[in-house]
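In what follows, a single structure is set out as structure tokens and then discussed.
The sequence lines fix the lettering, A, B, ..., with proteins before strands; numbering per chain opens at 1.
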Amino acid sequence: MLTNEQLEKEFQAKIDAEIKIEPKDWMPEAYRRTLIRQISQHAHSEVVGMLPEGNWITRAPSLRSKVILLAKVQDEAGHGLYLYSAAETLGVDREELIEELHTGKAKYSSIFNYPTLTWADIGAIGWLVDGAAIANQVMLCRTSYGPYARAMVRICKEESFHQRQGYEIMLKMGRGTPEQRQMAQDALNRWWWPALMMFGPPDDKSIHSAQSIKWKIKRQSNDELRQEFIDKTVPQAEFLGLTIPDPHLKWNEDRKHYDFGPINWEEFYQVINGNGPCNRQRMRDRIKAHEEGAWVRDAALAYAEKKQTKKTAA
Amino acid sequence: MSKKEWPLWEVFIRSKNGLNHKHVGSLHAADAEMAIENARDVYCRRNEGVSIWVVLSSHIVASDPDEADALYEPAKNKIYRHPTFYEIPKEVGHM
């Protein structure tokens with residue numbers, strides 16, 4: 001019998017050798033718990049993320065943009081399902097995870113607690129929010145836990161359409177009437193900072209980061225990913241003819257990166273802790289959808305049982 | 001002499017950690033344990049796998065090929081689900 005210490009040593013050696021961890025492999029309890037927390041919160045974010053966009057399905061400006069938005073929201077639901085299944089390989093129950101979301105025990109990405117006020121917000125979400133999510137998720141395609149990595153590969157393939165449709169909306173509005181251009185600028189003004197916060201607290205304040213990097217659950221730090229996103233996005237904003245709402249934003253030739261202004265972390269913690277503009281509304285809508293859907297789940301189960309009984313009787 | 005036959009099992013092999021189990025074929029075995037051992041002998045003689053799944057073939061529910069048209073119809077006309085549907089100017093670069 002190997003001691004826990006020996007098992008942990010072997011586990012870390014596997015990680016260091018880039019061997020993926022699969023559900024039946026031995027893993028430290030803390031690794032399992034970290035993954036359950038991270039994957040379920042990721043799943044919750046996909047599901048809650050449907051709400052701000054769903055807000056615009058009935059008011060999309062054309063049939064074309066409506067079917068596209070429907071397809072995107074449908075993808076987010078699918079992404080939530082891939083992730084819940086990945087979490088379930090770690091021995092948790094889906095109902096349990098959903099319960100944790102509804103009671104507020106589990107978090108979801110704070111970005112979805114901001115309102116979608118105009119159609120340009122749908123463009124900004126696809127471009128910036130999905131853009132930031134992609135930066136994070138591309139990294140996670142190489143995460144050490146097999147089922148999570150495979151779910152991420154699937155998701156990344158689908159996300160590309162999300163970002164492109166968002167940028168297309170921004171392009172159209174940027175080249176539209178002065179009012180449309182103003183709407184696009186206003187959306188960028190409101191979504192820019194919350195999008196930067198999506199990468200999480202700065203490295204020196206991030207409680208889970210060091211261990212996650214050692215276990216190769218994450219492979220880049222919050223600050224690295226944030227910088228990567230900014231460097232990629234600034235030229236895209238310039239092409240749109242829009243101004244990023246940061247007076248400190250400036251190319252730094254020595255660092256070969258953009259310097260940027262301070263992020264309001266107080267706002268981030270306020271939103272995470274339930275005080276964002278839409279936290280209560282999001283949870284209310286989510287719980288309502290779950291409760292009002294209960295009869296459908298019950299009816300399907302009752303029907304399946306009835307069919308089974310008929311089959312056995314026959 | 002019993003006329004009862006060993007049931008059929010479907011075999012799935014993971015060739016290496018990080019990859020999905022993939023269906024490789026089927027075999028007969030009296031129980032799950034024997035199915036795993038037989039799968040090792042039939043499908044993994046040259047280190048083809050690091051993990052084996054066996055499932056009773058009778059437990060697999062398959063879609064009906066005759067109904068494929070109707071089944072996949074919802075996906076056929078939705079070209080906007082593909083990234084290439086959206087034109088991103090060259091100057092913007094990869095997205």
Side-chain angles (χ1 to χ4, degrees), chain A residues 14-15 17-25 63-72 74-75 78 126-127 130-131 134 141-151 153-154 156-172 174-175 231-233 235-240, chain B residues 9-24 32-33 35-37 39-40 43-44 47-64 67 70-95:
Chain A
K14 266 170 93 175
I15 300 266
E18 298 293 337
I19 296 169
K20 297 273 187 233
I21 306 304
E22 295 292 349
K24 296 224 155 198
D25 296 343
L63 188 55
R64 180 185 186 273
S65 50
K66 182 173 178 159
V67 292
I68 290 170
L69 186 56
L70 264 172
K72 179 175 189 290
Q74 194 182 16
D75 272 358
W127 172 39
D130 288 297
I134 288 170
C141 288
R142 294 166 53 240
T143 190
S144 58
Y145 187 57
Y148 193 22
R150 291 191 287 274
V153 170
R154 205 174 262 265
C156 280
K157 275 189 197 152
E158 299 179 355
E159 287 281 355
S160 163
F161 130 53
H162 297 183
Q163 197 188 14
R164 288 170 68 109
Q165 66 84 33
Y167 196 75
E168 190 189 78
I169 293 174
M170 295 306 278
L171 258 177
K172 275 191 189 155
R175 289 171 178 172
D231 292 348
K232 224 174 156 174
T233 309
Q236 295 169 353
E238 281 169 0
F239 185 85
L240 292 171
Chain B
W9 301 78
E10 299 298 324
V11 181
F12 300 80
I13 306 278
R14 187 201 300 288
S15 59
K16 125 184 206 221
N17 270 26
L19 300 178
N20 285 307
H21 285 80
K22 208 170 157 189
H23 185 246
V24 289
E33 195 186 341
I36 294 257
E37 283 171 3
R40 174 201 59 196
Y43 294 107
C44 298
N47 291 320
E48 285 93 338
V50 294
S51 168
I52 301 171
W53 283 353
V54 292
V55 181
L56 275 173
S57 305
S58 57
H59 285 180
I60 301 255
V61 182
S63 61
D64 181 352
E67 285 178 10
L71 191 62
Y72 301 115
E73 192 277 330
K76 275 188 184 144
N77 54 2
K78 295 185 177 57
I79 46 169
Y80 48 83
R81 282 179 178 161
H82 298 273
T84 44
F85 181 76
Y86 305 89
E87 269 190 44
I88 300 296
K90 267 200 201 79
E91 301 91 303
V92 179
H94 176 75
M95 189 178 278

Under 4.5 Å to a heavy atom of chain B? For Leu240(A) that would be neither

So what's closer than 4.5 Å to chain B heavy atoms on Asp75(A): side chain, backbone, both or neither? neither

Can you sort out the partners of Phe12(B) under ring pair (Phe, Tyr, Trp, His ring centres under 6.0 Å), two or more places apart, ordered by chain and number? His23(B)

Between Lys76(B) and Tyr72(B), is there a donor-acceptor pair closer than 3.5 Å when you use the side chain of the first and the backbone of the second? no

Does any N or O in the side chain of Tyr167(A) come within less than 3.5 Å of the main-chain N or O of Met95(B), such that one atom is a donor and the other an acceptor? no

For Arg81(B), does the CZ atom sit with more than 12 other heavy atoms under 6.0 Å from it, leaving out its own atoms? yes

What part of Arg150(A) gets closer than 4.5 Å to chain B, counting heavy atoms only: side chain, backbone, both or neither? side chain

Between Gln163(A) and Trp127(A) (side chain of the first, backbone of the second, donor and acceptor by atom type, cut-off under 3.5 Å), is there such a pair? yes

Chain A shares the most heavy-atom pairs under 4.5 Å, among Arg14(B), His82(B), Glu87(B), with Arg14(B)

Looking only at Gly146(A), Pro235(A), Ser160(A), most heavy-atom pairs under 4.5 Å shared with chain B are made by Ser160(A)

Leading residue by heavy atom contact count with chain B [cutoff under 4.5 Å; candidates Gln74(A), Glu22(A), Lys20(A)]: Glu22(A)

